[in-house]
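Quick notes on the structure that follows.
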Amino acid sequence: MGTEQLFPLIVVAVLIIAIAILFTFVPVMLWISALAAGVRISIFTLVGMRLRRVVPRMVINPLIKAHKAGLDVKTNQLESHYLAGGNVDRVVNALIAAHRANIELSFERCAAIDLAGRDVLEAVQMSVNPKVIETPFIAGVAMDGIEVKAKARITVRANIDRLVGGAGEDTVIARVGEGVVSTIGSSKSHGEVLENPDKISQNVLSKGLDAGTAFEILSIDIADVDIGKNIGAMLQMDQAEADKNIAQAKAEERRAMAVAQEQENIAKVQEMQARVVEAEAEVPLALAEALRSGNMGVMDYVNYKNVLADTDMRDMISKLNKEDDDYTDEQK
């Protein structure tokens, strides 16, 4: 086959490769779709998106959607938001929802909310259809010592102006919980809370708990009220137990002191008995000294011994009489 015959085949192959590269690098079908939807955009703009590492369909499809919804959104706005890491499709959907609901929302604010990490579409939907936040059981103690548990349902609407920098749901729940505890604690009795549970919602709602939050509180409704423990009685029981333990400790201290005093008295008695024995041991020495010195005669000593013998005899007789009396009492 000659060169003249191969040349047309080479040209056709080059054209096919060029068209394949063109359709691969340049989103021609996306450009055609945009023209069909009435969105005028240059093919070179799409090529520039490729060069800027922007996925064209992530910008063009939301642009077509915004154009059909009647929104004035520029390609550069969507592309810059995409390069900033935002969700272009969600922002456009939020703008469309706000436009349909007659809510004033600019593209810059919507993009800022999206870049702040909040779901801007959910916020717009919450502005139209308020959300109900249900709190867990919040326990408070009335003045009569009875614990009261209340569960509240908070109806909130998103405040788009405060979505950037505003506090979230956890803050709202915490503030409502604080208000519920304060209202229950200021009630004279738990029966007052059970009779008028709307008093809790009125007091909590009047405190303006949505200040600084991303929500506007529409209503606070008490869903359930339960009676908990008798905290006052439990505290009194604990106090009585503590007083009893203190009294027992003091009594044990007094008993220990009495035992110590008794042991001290026993020691003193033993000491005094030792002194008596010591004094009695000195009597024979004194008698011997009296006999030697002539202060005492032999007859005096004999009389002294007779007195001792008589005393011993009397002691023995008294002991025998006592034993007989005890024996007689036992027989009786």
Side-chain angles (χ1 to χ4, degrees), residues 135-151 174 177-197 199-200 203 224-290 296 303-332:
T135 66
F137 272 107
I138 302 170
V141 181
M143 290 185 179
D144 59 355
I146 304 298
E147 182 185 32
V148 180
K149 298 179 181 179
K151 180 185 289 186
E178 180 182 356
V180 170
V181 172
S182 177
T183 304
I184 294 175
S186 61
S187 301
K188 294 183 179 180
S189 66
H190 67 284
E192 182 179 345
V193 180
L194 296 177
E195 291 174 2
N196 301 306
K199 178 181 177 182
I200 300 177
N203 290 343
D224 191 9
V225 179
D226 289 338
I227 298 298
K229 301 177 182 178
N230 192 336
I231 303 298
M234 294 175 62
L235 292 176
Q236 291 179 358
M237 291 172 61
D238 293 340
Q239 185 63 42
E241 184 68 20
D243 293 341
K244 184 188 75 171
N245 293 335
I246 293 173
Q248 288 179 348
K250 290 183 177 179
E252 183 64 23
E253 181 181 358
R254 290 193 297 269
R255 188 191 68 81
M257 292 178 62
V259 171
Q261 185 67 31
E262 181 182 2
Q263 296 297 325
E264 185 177 354
N265 292 335
I266 292 174
K268 288 182 179 179
V269 170
Q270 291 178 351
E271 182 182 359
M272 295 175 67
Q273 289 178 349
R275 290 181 181 178
V276 171
V277 172
E278 183 179 357
E280 289 178 350
E282 293 179 355
V283 171
L285 298 176
L287 291 175
E289 181 63 26
M296 182 177 179
N303 292 332
Y304 167 72
K305 296 297 287 184
N306 289 333
V307 170
L308 290 179
D310 185 63
T311 303
D312 292 338
M313 181 182 65
R314 291 177 183 275
D315 289 338
M316 291 296 295
I317 292 172
S318 63
K319 289 179 180 180
L320 291 174
N321 291 334
K322 184 178 180 181
E323 290 179 359
D324 292 338
D325 294 337
D326 294 339
Y327 181 73
T328 303
D329 292 336
E330 291 177 0
Q331 286 182 342
K332 289 180 179 181

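Partner of Ile184 under the side chain to side chain contact (heavy atoms under 4.5 Å, CB included) criterion, chosen from Ile200, Asn203, Ile138: Ile200.
Looking at heavy atoms from C-beta onward, Val269 lies in side-chain contact with Gln273 at the 4.5 angstrom threshold. The shortest side-chain heavy-atom distance between Val141 and Val148 does not fall under the 4.5 Å cut-off. Considering only heavy atoms from C-beta on, Asn245 comes within 4.5 Å of Gln248 through its side chain.
Taking both residues in full, the closest heavy atoms of Lys199 and Ser187 are given as NZ-OG, 4.4 Å, listed atom of the first, atom of the second, then distance. Listed here is the closest heavy atom pair of Ala139 and Glu147: CB-OE2, 3.4 Å. Closest approach of Ala142 and Ser189 over heavy atoms only: CB-C, 3.8 Å.
For CE of Met313, the number of neighbouring non-hydrogen atoms (other residues, nucleotides, ligands) closer than 6.0 Å is greater than 12. More than 12 heavy atoms of other residues, nucleotides or ligands sit less than 6.0 Å from atom NZ of Lys151.
Once rounded to the nearest 0.5 Å, the distance linking CZ of Arg314 with CG of Asp310 reads 4.5 Å.
Using a 4.0 Å cut-off between charged nitrogen and carboxylate oxygen, Lys268 and Glu271 do not count as a salt-bridge pair. By the 4.0 Å N-to-carboxylate-O rule, Lys244 lies close enough to Glu241 to be salt-bridged with it.
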Next on the checklist: Test side chain to side chain contact (heavy atoms under 4.5 Å, CB included) on Arg254 and Lys250; report intermediate values, then the result.
Outcome noted: CA-CA 6 Å; Arg254 290 193 297 269; Lys250 290 183 177 179; 3.9 Å; yes
Checklist entry - After noting the C-alpha distance and the side-chain angles of Arg255 and Glu252, does the key distance pass the salt bridge (Lys or Arg N to Asp or Glu O under 4.0 Å) rule? => result CA-CA 5 Å; Arg255 188 191 68 81; Glu252 183 64 23; 2.7 Å; yes
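In terms of modelled atom types and a separation under 3.5 Å, the side chain of Ser182 and the main chain of Glu178 share no donor-acceptor contact.
Side-chain atoms of Asp243 and Gln239 form a donor-acceptor pair, as typed in the model, at a separation below 3.5 Å.
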